[in-house]
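Here's the structure we're looking at; comments come further down.
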Amino acid sequence: MPSQALPGFRDFYPDEFLLRAHIFRVWREVAARYGFEEYDGPPLEPLELYTAKSGPEIAGQLYGFVDKGGREVSLRPEMTPTLARMVAARANGLRKPIRWFSVPQLFRYERHQRGRLREHFQLNCDLIGEPGPEGDAELIALAVDIMRAFGLTERDVRVRVSDRRVLNALLLGGGVTEAQLPAAYAAVDKLERSRREELTAQLAAGGIDAAAADGVFETAAIRGAPALAAALEGVPGGAEAGAPLRRTLAALDAMGLGGFVDVDLTIVRGLAYYTGTVFELFDASRTLRAICGGGRYDNLLLSLGGVDLPALGFGMGDVVLGELLKERGLVPSGTASIDVFVAAITGDDVPHVLALAHELRDAGLRTEYALNLQAVGKQLKLADARNARIAVVIGPDDRARGEVMVKDLAAKQQRAVPRAAVVAELQTGIDTRPGT
RNA sequence: GUGGUUGUAGCUCAAUCGGUUAGAGCGCCGGACUGUGGCUCCGGAGGUUGCGGGUUCAAGUCCCGUCAGCCACCCCA
């Protein structure tokens, strides 16, 4: 028997599943707060659904194979093509803007490393049918509020925002031609990780001379809205190109979330389909990969699904986010816990334990008992190990008086309670405790 | 796909120059403890030293290969 999961795949033991469940719960709660509805699609799709968007070379990165019917298929590497198909099929009947989210497990056949596996869960939130920049603000705010719901502050995570329209205007205004834009984008993307001489050489290979290259570097170095506005004044069409981003930032400020946001033109993301705002969320110390990334892709639904709707969305994976939460101690406690443990003194008490335990379970209390008769001390030890709050001990003497012993395990106190009253008492007693 | 680096018990680690039967702590199981828990003490299980080959009288230790983890690149969710 293989002793471990496939490379890049994870086993979730109960204490690890706790974190995953916590992440999913927060994702769904906050998405619901923004009026987003959950959807899902198949985890396995025709291969061409993905090659249509990104070209045949993408197939090398896909978890694809030929199925028993001879079809070329792939586990889904992303959700957007599925979403595009679903929206296109019912586009006329859906009220706009469409606010949908999903939590798919996605797959990529790639060499894995920290924060990047062959499988992950990713919250996808998309807003479809809204062209205005307030929609961009809405989506960024959703991503930020998810961070806040996890207990992360603006000192923990930063949103770095750029805009294709802005970067295009500045690069073209700085002497880069339309055809040279991809090379310029690649250099902007690598600016933080590579040395400037290497990038200059790469830009030269792309036909961009030294003077224009300096312009690229200057543009990429712009930080903050005022500096960006100043730079835009100096290029043709700059004011117009900068207007949407300005309104998006103003809306975020009005929501009180402006403190999370940095204007940073080195955020590039996939060249293939973003058309406007692009943004990524990072941990403030920047030791991890991006937590979240997204932007506006106004042409994609037309090219994929044949429906012309503006759209924007983001994806937020569980792996990097989970690492950050662990790093900051923001994970729920790793121990399983129950409400009540019922213990028997003798074998004659066991049926009464079963009866009471079942009544407690019917009353909604998390209840356990020892599955085989053992010493009371053993049973209480088990109750401790399961983090029970209350132990109920049933013995012959108590039963003769029509009572059971109710023991508060934390307070180390116990008292006799009439058998007939114990379920109601425990139910209210436990429900009214704070912090449950 | 390329390069670097690391693999010893469930976990964290130890094992001198290559030298006897690979150890410890935590965790797990059992006992001390048959009407009352956390502590303590005692005992036990658990290892093909990732796997395969080579060198050697002798390999956890040295060499080669391979697999896996980690890091960087490529690429991006």
Side-chain angles (χ1 to χ4, degrees), chain A residues 2-11 13 15 50 53-55 57-58 60-63 75-82 102-124 186 189-190 193-194 198 268-274 280-281 287-295 313-321 334-335 341-349 370 373-400 403-416:
Chain A
S3 61
Q4 37 179 287
L6 286 170
F9 285 78
R10 296 170 288 176
D11 290 325
Y13 288 84
D15 56 335
Y50 305 112
K53 172 184 162 191
S54 311
E57 62 277 7
I58 195 72
Q61 310 237 310
L62 296 183
Y63 221 106
L75 291 168
R76 57 188 174 192
E78 58 169 326
M79 202 56 187
T80 308
T82 301
S102 189
V103 185
Q105 190 174 22
L106 304 178
F107 305 86
R108 282 230 168 159
Y109 199 88
E110 283 187 308
R111 184 92 159 243
H112 57 281
Q113 46 190 282
R114 187 182 188 209
R116 196 149 170 228
L117 308 170
R118 284 183 173 175
E119 139 292 303
H120 74 156
F121 292 93
Q122 189 188 64
L123 171 67
N124 275 249
D189 185 33
K190 287 182 185 168
R193 285 165 286 148
S194 304
E198 294 170 20
V268 171
R269 303 193 55 73
L271 293 170
Y273 64 86
Y274 286 112
E280 293 186 345
L281 271 64
T287 55
L288 303 172
R289 292 168 186 281
I291 299 162
C292 169
F314 68 76
M316 182 186 295
D318 70 315
V319 180
V320 176
L321 178 60
T335 39
F341 194 98
V342 190
I345 302 292
T346 70
D348 290 342
D349 302 311
L373 184 64
Q374 46 192 313
V376 188
K378 262 274 158 50
Q379 296 181 64
L380 290 173
K381 201 174 276 193
L382 193 52
D384 268 328
R386 305 291 285 123
N387 281 327
R389 296 154 170 252
I390 298 291
V392 176
V393 180
I394 302 180
D397 302 345
D398 311 305
R399 277 196 290 118
E403 294 176 335
V404 296
M405 298 302 294
V406 173
K407 195 174 172 67
D408 183 321
L409 287 167
K412 296 187 177 227
Q413 290 170 344
Q414 70 174 12
R415 65 203 162 79

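Just so it is clear: chains get the letters A, B, ... in the order the sequence lines come, proteins before strands, and each one is counted from 1. Just so it is clear, the structure is predicted and the values come from calculations on it, not from any experiment.
B:G25 and B:A14 are spaced 16 Å apart, taking the P atom of each and rounding to whole Å. Nucleotides B:U66 and B:U21 place their P atoms 32 Å apart, quoted to the nearest Å. Comparing the same atom, P, in B:U61 and in B:C51 gives a spacing of 11 Å after rounding to whole Å. One P atom belongs to B:G44, the other to B:C26, and the distance between them is 16 Å to the nearest Å. B:G37 and B:C33: their C1' atoms are spaced 12 Å apart (whole Å). Taking atom C1' in both B:G52 and B:A68, one finds a spacing of 15 Å when rounded to whole Å. For the P atoms, the distance from B:U16 to B:G53 is 25 Å, rounded to whole Å. As rounded to the nearest Å, B:U56 and B:C13 have C1' atoms that lie 29 Å from one another.
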* To do: Could you check A:L380 against A:K407 for side chain to side chain contact (heavy atoms under 4.5 Å, CB included), going step by step and ending with a plain yes or no?
  => CA-CA 10 Å; A:L380 290 173; A:K407 195 174 172 67; 4.2 Å; yes

Stepwise side chain to side chain contact (heavy atoms under 4.5 Å, CB included) test for A:I394 and A:R399
CA-CA 7 Å; A:I394 302 180; A:R399 277 196 290 118; 3.8 Å; yes

Take A:F314 and A:L123 through the test side chain to side chain contact (heavy atoms under 4.5 Å, CB included) and record every step on the way to the result.
-> CA-CA 8 Å; A:F314 68 76; A:L123 171 67; 4.1 Å; yes

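Between A:Y50 and A:L75, the shortest heavy-atom contact is CE1-O, 4.5 Å. Between A:G317 and A:H120, the shortest heavy-atom contact is CA-ND1, 3.9 Å.
Note: OH (A:Y273) to P (B:C76) measures 11 Å, nearest angstrom. Straight-line distance from the CZ atom of A:F9 to the P atom of B:A68: 13 Å, rounded to whole Å. Rounding to whole angstrom units, CZ of residue A:F341 and C1' of B:G37 are separated by 11 Å. Separating the CG atom of A:L62 from the P atom of B:G1 is a distance of 15 Å, rounded to the nearest angstrom. Put simply, CG on A:L382 is 14 Å from P on B:G37, counting in whole angstrom units. Rounded to whole Å, atom P of B:G10 lies 15 Å from atom CG of A:D11. Atom P of nucleotide B:C73 and atom CD of A:E198 are separated by 11 Å, given to the nearest angstrom. Between the CG atom of A:L288 and the P atom of B:C71 there is a distance of 10 Å, rounded to whole Å.
Each of A:D398 and A:Q374 was assigned the nucleotide of RNA chain B with the nearest heavy atom; the assignment lying further toward the 5' end belongs to A:Q374. When each of A:D384 and A:H120 is assigned the nucleotide of RNA chain B with its nearest heavy atom, A:D384 is the one assigned upstream, toward the 5' end.
Donor-acceptor pairing under 3.5 Å, judged by distance alone, is present between the side chain of A:R116 and the base of B:C75. For A:E110 and B:A77, a side-chain-to-base donor-acceptor distance below 3.5 Å is present, hydrogens and geometry of angles not being considered.
Of the nucleotides present, B:G50 is the one that pairs with B:U66 by Watson-Crick or G-U wobble criteria, both distances under 3.5 Å. Remark: B:C73 base-pairs with B:G1. Criterion, Watson-Crick or G-U wobble with two distances under 3.5 Å. The pairing partner recorded for B:U40 is B:A32, the criterion being a Watson-Crick or G-U wobble arrangement whose two distances lie under 3.5 angstrom. With a cut-off of 3.5 Å on both Watson-Crick or G-U wobble distances, the partner of B:G25 is given as B:C11. Using N1 to N3 plus N6-O4 or O6-N4 for Watson-Crick, or N1-O2 and O6-N3 for G-U wobble, each under 3.5 Å, B:C57 pairs with B:G19.
Phosphate proximity of B:C33 to A:K381: absent, as no side-chain N or O sits under 4.0 Å from OP1 or OP2.
Closest to the side chain of A:Q61, out of B:G37, B:C75, B:A68, is B:C75. In this structure, the nucleotide among B:A72, B:G69, B:G37 sitting nearest to the side chain of A:L380 is B:G37. With B:C76, B:U36, B:U34 as the choices, the nucleotide that has an atom nearest any side-chain atom of A:K407 turns out to be B:U36. When distances run from any side-chain atom of A:M405 to the nucleotides B:U36, B:A68, B:A77, the shortest one goes to B:U36. Checked against B:G38, B:C75, B:G35, the side chain of A:K412 finds its nearest nucleotide in B:G38.
In this structure, a donor-acceptor pair under 3.5 Å is absent between the side chains of A:Q374 and A:Q379.
Across all strands, A:L409 comes closer than 4.0 Å to base atoms (heavy-atom distances). Within the 4.0 angstrom heavy-atom criterion, no nucleotide atom of any strand lies near A:Q379. Residue A:G377 is in sugar-phosphate contact alone, with no base atom involved, counting any heavy-atom pair closer than 4.0 Å across all strands shown. Counting any heavy atom pair closer than 4.0 Å across all strands shown, A:M79 reaches no nucleic acid atom. Note on A:K378: only backbone sugar-phosphate atoms sit closer than 4.0 angstrom, heavy atoms only; bases stay farther off. Across all strands shown, A:L123 has no heavy atoms under 4.0 Å from either base or sugar-phosphate atoms. Within 4.0 Å of A:G294, counting heavy atoms only, lies no atom of the nucleic acid at all.
You'll find the side chain of A:D318 reaches within 4.5 Å of the side chain of A:R10, heavy atoms only.
Atom OH of A:Y109 is surrounded by 12 or fewer heavy atoms from other residues, nucleotides or ligands within 6.0 Å.
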